[in-house]
Amino acid sequence: MADPLLSRFGVDPDARLGGGGEADVYALDAGRVLRLYKRPSLGLATRLRAFYEWLSGQDLPFATPTVLEVGESDGRTWTIDLRLQGTGMLAAMPSLTAAEKAVTIDSYVRATVALTALAPPPTSGFGDLLAEHPVVSSSWAEFLMARVEPAAARAADDLAAEGIDASAQVERLHDQLVTVPPVAVPSLVHGDWFPGNVMIGNDLTVSALIDFSSLTFAGDPMMDVAGAVIFADSAVWTQPDHVALARTSAEALGFDDLDRHLALYRRWYGLFFSQYKADDAELFSRCVEWLRPGT
């Protein structure tokens, strides 16, 4: 059956460009895309529009989204956005040579520095920037625990079926947080830095960063650096050397305690994303790998 909202905008289902947990994106014309949210999300779409307006005024070496219109029809939220230039990194990687992949992955990791060099919009502490019911804490460690504990509780039964004790994993995360230096001043954190949210240009460098979301925080810049490495192997196109390439790029940036940050955020993401088994079984399997005893 034809989707009445697609029909209203004159969009063919075959015009789908991609999508994620929150929305599907369709080509509307040469310069615009239609984003259809999977759940009623008028508040999030409105917050994103304002956030992207703020972000457009920052000095970044790549493009970020622009929301032109926000609307709701029959309980479904939609936006019309400018179409960003470039090719999705996920789509581009299979056709690249080994040398070209190295250039792309290096740019993908290094782009985290440009974003996290920004101070976030005014906030009262560390925490959510776009969530409907934002959690904000006086410390980054406190915020991470506040965000992950309810997620781990929701995933407890699914994790137990895989032999993983969610409560014990939360305790291990707490212990890990003690071993890394506290974050003194919050940076802008995308929070979901992986190849599916990155576009590359003809020169194989990052041309655009998309899909800021309820995982966008005022927090630790190392979260995006670690995420870029952790999620470099999160898609079917990935080969074993991609994570090594991403790690090499991160090490070249001179970050201290990279191993400890990778271990910390691998556990945090494993606990947080494990609550979405019903939406993404492949991601849940990856979470299980990250949380296996001994990791």
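Numbering starts at 1 and runs along the sequence shown. Everything numeric here is computed off the predicted structure, so don't read it as measured data. We use all heavy atoms of the structure for the numbers below, so side chains are in, but hydrogens, waters and symmetry mates are not.
Hydrophobic clustering places Phe231 together with Phe255 (ILVMFWY residues linked when any side-chain heavy atoms are closer than 4.5 Å, directly or through intermediates). Residue Val113 is grouped with residue Trp193 when hydrophobic side chains (ILVMFWY) are merged at heavy-atom distances under 4.5 angstrom, including chains of intermediate members. In the hydrophobic cluster analysis, where Ile, Leu, Val, Met, Phe, Trp and Tyr join through side-chain heavy atoms closer than 4.5 angstrom, Val189 is grouped together with Phe62. Using a 4.5 Å cut-off between side-chain heavy atoms of Ile, Leu, Val, Met, Phe, Trp and Tyr, with links allowed through other members, Leu48 and Leu82 fall into different hydrophobic clusters. A continuous path of hydrophobic side-chain contacts links Phe272 to Leu130 [ILVMFWY only; heavy atoms under 4.5 Å].
With salt bridges taken as basic N to acidic carboxylate O contacts below 4.0 Å, one links Arg247 and Asp259. Here Arg292 pairs with Glu162 in a salt bridge; the nearest charged N to carboxylate O distance falls below 4.0 Å. A salt bridge does not link Lys101 with Asp241: none of the charged nitrogens is closer than 4.0 Å to a carboxylate oxygen. The existence of a salt bridge linking Arg76 and Asp3 is confirmed by a sub-4.0 Å separation between a basic side-chain nitrogen and an acidic carboxylate oxygen. Between Asp175 and Arg172 there is no salt bridge, since no side-chain nitrogen of the basic residue lies less than 4.0 Å from a carboxylate oxygen of the acidic one. One finds a salt bridge joining Asp211 and Arg35 here, because a Lys/Arg side-chain nitrogen approaches an Asp/Glu carboxylate oxygen to under 4.0 Å.
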ring-ring contact (aromatic ring centres under 6.0 Å, His included) assessment of Phe212 paired with His190: CA-CA 6 Å; Phe212 290 78; His190 183 283; 4.6 Å; yes

Gln176 vs Arg267, side chain to side chain contact (heavy atoms under 4.5 Å, CB included): CA-CA, chis, key distance, verdict: CA-CA 9 Å; Gln176 284 177 287; Arg267 178 160 282 111; 2.7 Å; yes

Side chain to side chain contact (heavy atoms under 4.5 Å, CB included) between Val170 and Glu149, intermediate numbers included: CA-CA 7 Å; Val170 169; Glu149 285 173 348; 4.0 Å; yes

Step-by-step side chain to side chain contact (heavy atoms under 4.5 Å, CB included) determination, Leu28 to Val33: CA-CA 5 Å; Leu28 188 58; Val33 297; 5.6 Å; no

Audit row: Ser249, Arg110, side-chain hydrogen bond (donor to acceptor under 3.5 Å, both in side chains) steps and yes/no: CA-CA 7 Å; Ser249 293; Arg110 289 178 179 274; 5.3 Å; no

Worked verdict on Leu144 versus Trp268 for side chain to side chain contact (heavy atoms under 4.5 Å, CB included): CA-CA 8 Å; Leu144 286 180; Trp268 191 89; 3.5 Å; yes

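Of all non-hydrogen atoms in Leu60 and Ala114, the two that sit nearest each other are CD2-O, 3.5 Å. Nearest heavy atom pair, residue Ser56 against residue Glu53, reads OG-O, 2.7 Å. Between Gln169 and Leu291, the closest heavy-atom pair is NE2-O, 2.9 Å. Residues Asp128 and Arg147 approach most closely at OD1-NE, 2.9 Å, considering heavy atoms. For the pair Asp224 and Asp192, the tightest heavy-atom approach, listed with the atom from each and the gap, is OD1-N, 4.5 Å. When all heavy atoms of Gly219 and Val183 are compared, the closest pair comes out as O-CG1, 4.1 Å.
With rounding to the nearest 0.5 Å, the separation of CG in Leu34 from CG in Leu5 is 6.5 Å. Here the CG-CE distance, from Leu204 to Met93, works out to 9.5 Å after rounding to the nearest 0.5 Å. One finds the CG atom of Asp59 at 8.0 Å from the CG atom of Leu118 (value rounded to the nearest 0.5 Å).
Within the 3.5 Å criterion, the main-chain N or O of Val206 finds a donor-acceptor partner in the side chain of Ser107.
Taking the ring centroids of Tyr26 and Phe9, they lie at or beyond the 6.0 Å cut-off.
Ring geometry for Tyr265 versus Trp140: interplanar angle of 30 to 60°, hence tilted.
Residue Gln85 qualifies as open at atom CD: its count of foreign heavy atoms under 6.0 Å is 12 or below. Asp203 CG: more than 12 foreign heavy atoms inside a 6.0 Å radius.
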